[in-house]
Amino acid sequence: NSQQPVAVTQPKITAATLLSISDAEKGSLRDVLALLNSLFTRNRNQHRRSTWFKSLQQFRKQLGLLLDELDGKSGKTKEEKLTRRLVHWDESCIHHWYLHYTQLVAIGSFAMLGLVLMACVARVCKITGITDVYEQIRSDDMHMVMGMMDDGAVEEELGSLL
């Protein structure tokens, strides 16, 4: 096989986007935190043992910690802390939050609450720059497929499916 797969380096999540956000976007993050706090207070007694509520509790705590770190002293350690937090979110939190909130939508009687929580996760991911990394991965994958199509390698790889 003369066609060797092109090694694509995966983009890394960094705090660069988060450190350059405007005051309006910071205010938006604070608004999301206030909304999460209100939802937490309102639903605490009835749903405290539910899986989605534990995700809500974790999400609001993590967002509060992120905002505290963002408002802290500037410097290299601030950027490192924020980067570590965003990488942790990407590796072990966001996907769970999203899954739990989509399951809440499926329940029916709590669909609106689930949609609001999904929108909050999406908004926070957009502001922090996590979404940009996924769009870059998608773009790189698309460029790789288009290159394979130009080289004729797609027929070799996917010919049996056609």
Side-chain angles (χ1 to χ4, degrees), residues 8-74 77-146 148 158 161:
V8 178
T9 58
Q10 295 292 341
K12 303 279 187 205
I13 293 176
T14 63
T17 303
L18 185 58
L19 290 171
S20 65
I21 63 173
S22 66
D23 289 337
E25 290 173 321
K26 264 188 203 177
S28 181
L29 287 176
R30 286 190 183 91
D31 291 343
V32 169
L33 181 61
L35 176 64
L36 294 175
N37 286 332
S38 297
L39 292 172
F40 177 82
T41 303
R42 181 168 177 91
N43 293 288
R44 179 177 40 220
N45 291 333
Q46 182 179 2
H47 300 289
R48 66 178 171 265
R49 291 184 183 95
S50 300
T51 306
W52 71 266
F53 187 78
K54 291 176 183 173
S55 289
L56 169 62
Q57 188 174 10
Q58 183 189 30
F59 183 32
R60 72 184 264 276
K61 180 179 178 181
Q62 288 290 324
L63 184 57
L65 291 171
L66 180 88
L67 285 170
D68 289 344
E69 289 172 0
L70 194 58
D71 292 336
K73 294 180 184 177
S74 61
T77 57
K78 175 182 177 178
E79 185 174 351
E80 289 172 1
K81 284 181 182 180
L82 288 169
T83 299
R84 278 195 309 259
R85 183 164 307 281
L86 293 176
V87 168
H88 169 71
W89 281 15
D90 181 50
E91 290 175 353
S92 62
C93 296
I94 291 173
H95 306 290
H96 293 286
W97 297 337
Y98 190 78
L99 175 67
H100 293 151
Y101 302 152
T102 55
Q103 290 173 346
L104 187 61
V105 170
I107 292 173
S109 58
F110 300 110
M112 280 298 196
L113 179 60
L115 286 173
V116 168
L117 292 172
M118 287 172 56
C120 288
V121 171
R123 183 72 181 140
V124 168
C125 287
K126 181 67 176 166
I127 292 172
T128 58
I130 293 172
T131 305
D132 295 338
V133 172
Y134 285 115
E135 288 183 14
Q136 180 64 37
I137 291 169
R138 185 191 65 181
S139 177
D140 290 345
D141 289 346
M142 187 56 90
H143 286 298
M144 184 179 70
V145 169
M146 296 299 269
M148 287 174 65
L158 304 176
L161 294 175

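Here, residue 1 is the first one in the sequence, and each next residue gets the next number.
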Partner set under side-chain contact (heavy atoms from CB on, under 4.5 Å) for [X], not counting sequence neighbours:
| X | result |
| --- | --- |
| Leu99 | Thr102, Gln103 |
| Ser22 | Ala24, Glu25 |
| Lys54 | none |
| Arg48 | Asn45, Phe53 |

For residues [X] and [Y], determine if any side-chain heavy atom of one lies less than 4.5 Å from a side-chain heavy atom of the other.
| X | Y | answer |
| --- | --- | --- |
| Val105 | Met112 | no |
| Asp71 | Arg30 | yes |
| Trp52 | Asn43 | yes |
| Leu36 | Phe40 | no |
| Thr17 | Thr128 | no |

Can a salt bridge be assigned to the pair Arg123 and Asp31 using a cut-off of 4.0 Å between side-chain N and carboxylate O? no

Once rounded to the nearest 0.5 Å, what's the spacing between atom [atom1] of [X] and atom [atom2] of [Y]?
| X | Y | atom1 | atom2 | result |
| --- | --- | --- | --- | --- |
| Glu80 | Thr77 | CD | OG1 | 7.0 Å |
| Leu104 | Leu113 | CG | CG | 5.0 Å |
| Leu56 | Arg44 | CG | CZ | 11.0 Å |
| Leu33 | Ser28 | CG | OG | 11.5 Å |

Around atom CG of Asp68, are there more than 12 heavy atoms of other residues, nucleotides or ligands at under 6.0 Å? yes

Does NZ belonging to Lys78 count more than 12 external heavy atoms closer than 6.0 Å? yes

For His96, does its backbone N or O pair with a side-chain atom of His100 as donor and acceptor, under 3.5 Å? yes

Which atom names give the shortest non-hydrogen contact between [X] and [Y], and what distance separates them?
| X | Y | answer |
| --- | --- | --- |
| Ile94 | Cys125 | CD1-SG, 3.4 Å |
| Ala15 | Leu86 | CA-CD1, 4.2 Å |
| Leu66 | Leu82 | CD1-CD2, 3.7 Å |
| Leu29 | Leu63 | O-CD2, 3.9 Å |
| Leu35 | Cys120 | CD2-SG, 3.7 Å |
| Leu19 | Leu70 | CD2-CD1, 4.2 Å |

Can you pull the ring pair (Phe, Tyr, Trp, His ring centres under 6.0 Å) pairs that have at least one residue in residues 105-125, sequence neighbours excluded? His47-Phe110

Among Ile13, Ile130, Val121, the one residue meeting side chain to side chain contact (heavy atoms under 4.5 Å, CB included) with Trp89: Ile130

Considering residues at least two apart in sequence or located in another chain, which fulfil the ring-ring contact (aromatic ring centres under 6.0 Å, His included) criterion with Tyr101? none

